[in-house]
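As the structure lists them, so they are numbered: ligands from 1, and atoms in each ligand from 1. Counting from 1, the numbers follow the sequence of the chain as shown.
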Amino acid sequence: MSLINHFLVSNGLRISTNPCVSPDFCLDWPALAAKLRGGGAEVKVWEKSRFATKAGEIVLLEDGVTGDCAWRLAARAPQVLEEGQALADGTTVFPATWANLLKLKNLAQEHDAGTTIFPTAADRLGQSTLGIGARFTTLHWPAVDWAMSALELGMTANQNSIPRELVYDVNAMLDGRLDTVPFPFIGTNVPEGHQGQSVEGMSHGCVLAKLKTGFHRRHIAWSFNADHQPIGGKFDAREDALVQGCVLASYITFDLSPELAQTKVPADAAGWVKSNVDEALVAKVKSRVAAAGLALNEAEFAKLLAYVWPAMKKMKQRDEKYRLAREKLFTTAAGRVYLRELSIDELPGLTTPETTAIMLSLCEALGMKINFIAPAFGFQKNTPYPDNAALRALIEKQWTVCKQFGTSIGFHSGSGKSAENYQVMGAVTGARLEIKTSGRYTYEMGRALFASKNESDQKLWRDWYKFTVGLALKGAFSTDPTEQKMARTFVTDALGKAGKPTDVFASEAAMRKAIEALPPSPDYMFWFEYNFLHVLAAGGEAEKSALGDHTPAGYQQRARFYSISGEGRLNYAKNVASYIIFLADNTGLASKERCAAAAKLLAGYKTLDQMLGDISR
Ligand SMILES: [Zn+2]
């Protein structure tokens with residue numbers, strides 16, 4: 001048994017309530033294999049999952065108690081995958097290990113290159129999509145799959161930042177070698193991978209979730225975005241591990257900021273460029289930018305090039321590694337291809353069209369097709385952009401450049417914008433865009449639990465709310481100026497919107513009294529800002545030291561969310577799906593008629609089974 005599986009099993013952390021931590025979806029194969037040999041009582045056959053492969057038909061099995069999964073091949077052929085066991089009925093069963101999943105991808109794609117069981121870069125995914133992030137849990141997936149099916153629209157159905165939010169290497173986690181991520185608004189560093197799941201586990205879980213509902217029968221291609229892959233800086237040392245963990249991603253976002261943060265532009269930038277960058281490449285970039293209709297200021301150009309060139313070189317090198325890793329593991333063209341996004345919204349200030357043009361020309365000259373680029377538009381997470389005319393002008397300037405490179409615009413921090421904002425984004429780009437959303441789906445979970453009549457959902461909601469109150473109280477009286485300022489901003493916003501006096505910071509007791517007088521609600525800014533760290537907080541405690549806890553205490557907390565009631569799940573699925581319909585409608589990714597029909601269908605569901613039953617049609 002692998003170290004991670006031993007850690008999970010010996011601490012009673014099973015896939016049924018703690019999925020996607022191990023890369024494997026079977027922690028204890030000897031136990032599950034014994035059950036299967038003994039007739040398979042307690043084992044569910046996911047009938048809709050059936051799919052054809054080169055080696056025969058395969059169906060997904062799941063242990064109803066532990067959540068351990070297996071594949072059953074309708075043939076006697078134990079050599080097809082690893083650790084196969086032939087059963088008396090002539091079939092063969094295999095554990096749902098990470099290694100077997102990678103092999104299955106080849107078997108499925110060799111049989112049918114157009115299969116949509118695995119994430120791909122097919123259809124319009126490289127031009128128009130919605131990025132559905134999993135910042136918190138993976139409980140939103142069935143709703144995402146329902147929305148893709150109802151809207152007949154492929155999306156970036158799985159998206160997450162690695163190693164920030166996902167554990168990039170479970171052995172590093174067990175050894176206590178995970179780095180930390182600064183969260184200035186909380187005044188502390190939180191261990192990376194603060195969601196608790198691993199990148200491979202999540203890649204695995206996303207495929208299985210779709211098979212269970214038969215989503216693949218709809219033949220709608222979907223992608224998995226390894227978001228904000230950090231380039232350079234302190235990440236050089238573990239870039240091979242990052243590449244390895246992301247092999248199932250069909251879409252890579254390159255984030256140059258770690259390398260840029262440590263790049264010093266030399267005083268003589270032009271001289272530096274002359275001696276460090278290939279002359280022919282510089283000439284190519286210049287003429288491409290000019291052809292795009294932008295006039296270059298020589299000095300500014302040299303400065304920008306000297307600033308980004310070291311990062312661009314590393315990006316190209318990383319890109320080669322992503323390509324080689326896929327060529328090594330996967331046998332088909334469909335299984336190897338991946339989309340690229342260049343994130344430049346981390347660069348200081350609003351992005352100028354010149355910067356976008358230079359960056360895209362550089363990528364072109366380096367032979368890297370960029371499907372999406374994310375300039376900075378000055379978005380605040382979860383806040384509408386206040387001026388639609390100004391937004392239109394900003395996007396138009398960027399779009400004039402991007403369309404000449406065949407690149408769509410990625411809107412980062414895209415959650416919580418107004419309908420009019422999304423309409424502008426869609427109209428200017430002709431829906432050649434990606435809206436990246438993530439925090440929204442945590443908020444929707446809060447609303448779902450808040451509205452649930454189930455007692456244990458209510459208890460979880462109250463504890464969750466109390467956790468954010470606790471962090472707000474500590475933050476508002478912290479000696480760290482950023483932490484204090486942010487906490488007071490969140491609290492002031494909540495009190496102001498509730499029509500209460502906001503002058504409550506005379507003492508901790510005064511603030512506590514004011515907050516406790518508010519009826520709990522998921523609509524307060526402090527709840528929104530602090531909520532996502534509750535999932536892996538040891539004991540659910542509002543203590544900095546409890547956050548991002550990768551010991552059993554953190555995972556026991558995580559299990560609470562995966563144990564919510566059917567009512568809570570239905571509320572949540574409806575909230576998530578309806579938000580996706582709203583995005584597709586306003587950006588113009590799906591027609592008004594289709595969105596209206598989907599919304600009507602959604603409103604009619606009384607149970608989650610009913611809703612999920614419709615995914616496969
Ligand atoms: Zn970004």
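- Residue pairs meeting the side chain to side chain donor-acceptor pair (under 3.5 Å) criterion with at least one partner in residues 177-191, sequence neighbours excluded, are Asp175-Arg177, Asp179-Lys234, Thr180-Asn189.
- The side chain to side chain contact (heavy atoms under 4.5 Å, CB included) check on Arg318 picks up Gln229, Ile231, Glu239, Leu242, Val243, Phe254, Tyr322, with sequence neighbours excluded.
- Put simply, the residue from Tyr562, Phe528, Trp464, Phe532 that forms a ring pair (Phe, Tyr, Trp, His ring centres under 6.0 Å) with Phe136 is Trp464.
- Pairs engaging residues 118-129 under the salt bridge (charged side-chain N to carboxylate O under 4.0 Å, His left out) rule: none recorded [sequence neighbours left out].
- Closer than 2.8 Å to the Zn ion (ligand 1) sit the protein N, O or S atoms His228 NE2, Ser343 OG, Asp345 OD1, Glu346 OE2, His412 ND1.
- Under 4.0 Å is where a charged nitrogen must lie from a carboxylate oxygen, and between Arg336 and Glu327 no such pair does.
- Using a 30° and 60° split on the angle between ring planes, Tyr441 and Tyr579 fall in the perpendicular class, above 60°.
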